[in-house]
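Accompanying notes for the structure given below.
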Amino acid sequence: MHRFDRKSLEEVAEILAGLFYAFMAVTLLAVLTASPGTALGLLIVGCCAHVARVGVEGWALIREMDRPPVEDSLRRAEASGPAARVLRRSRGKKRARV
């Protein structure tokens, strides 16, 4: 099964955004040439492209949120190294606030 990464999902979203604007431009031309049936059809197809783009962007965002942030994994890696022991020693004991 093919797994999409964030970059490929963003490329699909950009293509769908271009389609949306192209359909809206052609819809405007259809309205100006007095062909309301064609304009309505193109408007509906353009709206579907817009909804698909928003869905793909949402899917990319959800997939990005499922991954642990890089900073957290770096903190965990640093916490186990020799620099972490020095850092812990330099912090000292915390004083109780009154």
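All of these numbers come straight from a predicted model, not from anything done at the bench.
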Notebook entry, point to check: Can you find a heavy atom in the side chain of Arg53 that is under 4.5 Å from one in the side chain of Val12?
Noted result: no
Notebook entry, point to check: Do you know which two heavy atoms are closest between Glu57 and Ala13, and how far apart they sit?
Noted result: CG-CB, 3.8 Å
When clusters are formed by joining ILVMFWY residues with side-chain heavy atoms under 4.5 Å apart, either directly or through shared neighbours, do [X] and [Y] land in the same one?
{"X": "Leu28", "Y": "Phe20", "result": "no"}
{"X": "Trp59", "Y": "Leu16", "result": "yes"}
{"X": "Leu19", "Y": "Leu42", "result": "yes"}
{"X": "Val45", "Y": "Val26", "result": "yes"}

Check: Per the side chain to side chain contact (heavy atoms under 4.5 Å, CB included) rule, which among Val51, Leu9, Leu61 passes with Val56?
Finding: Leu9
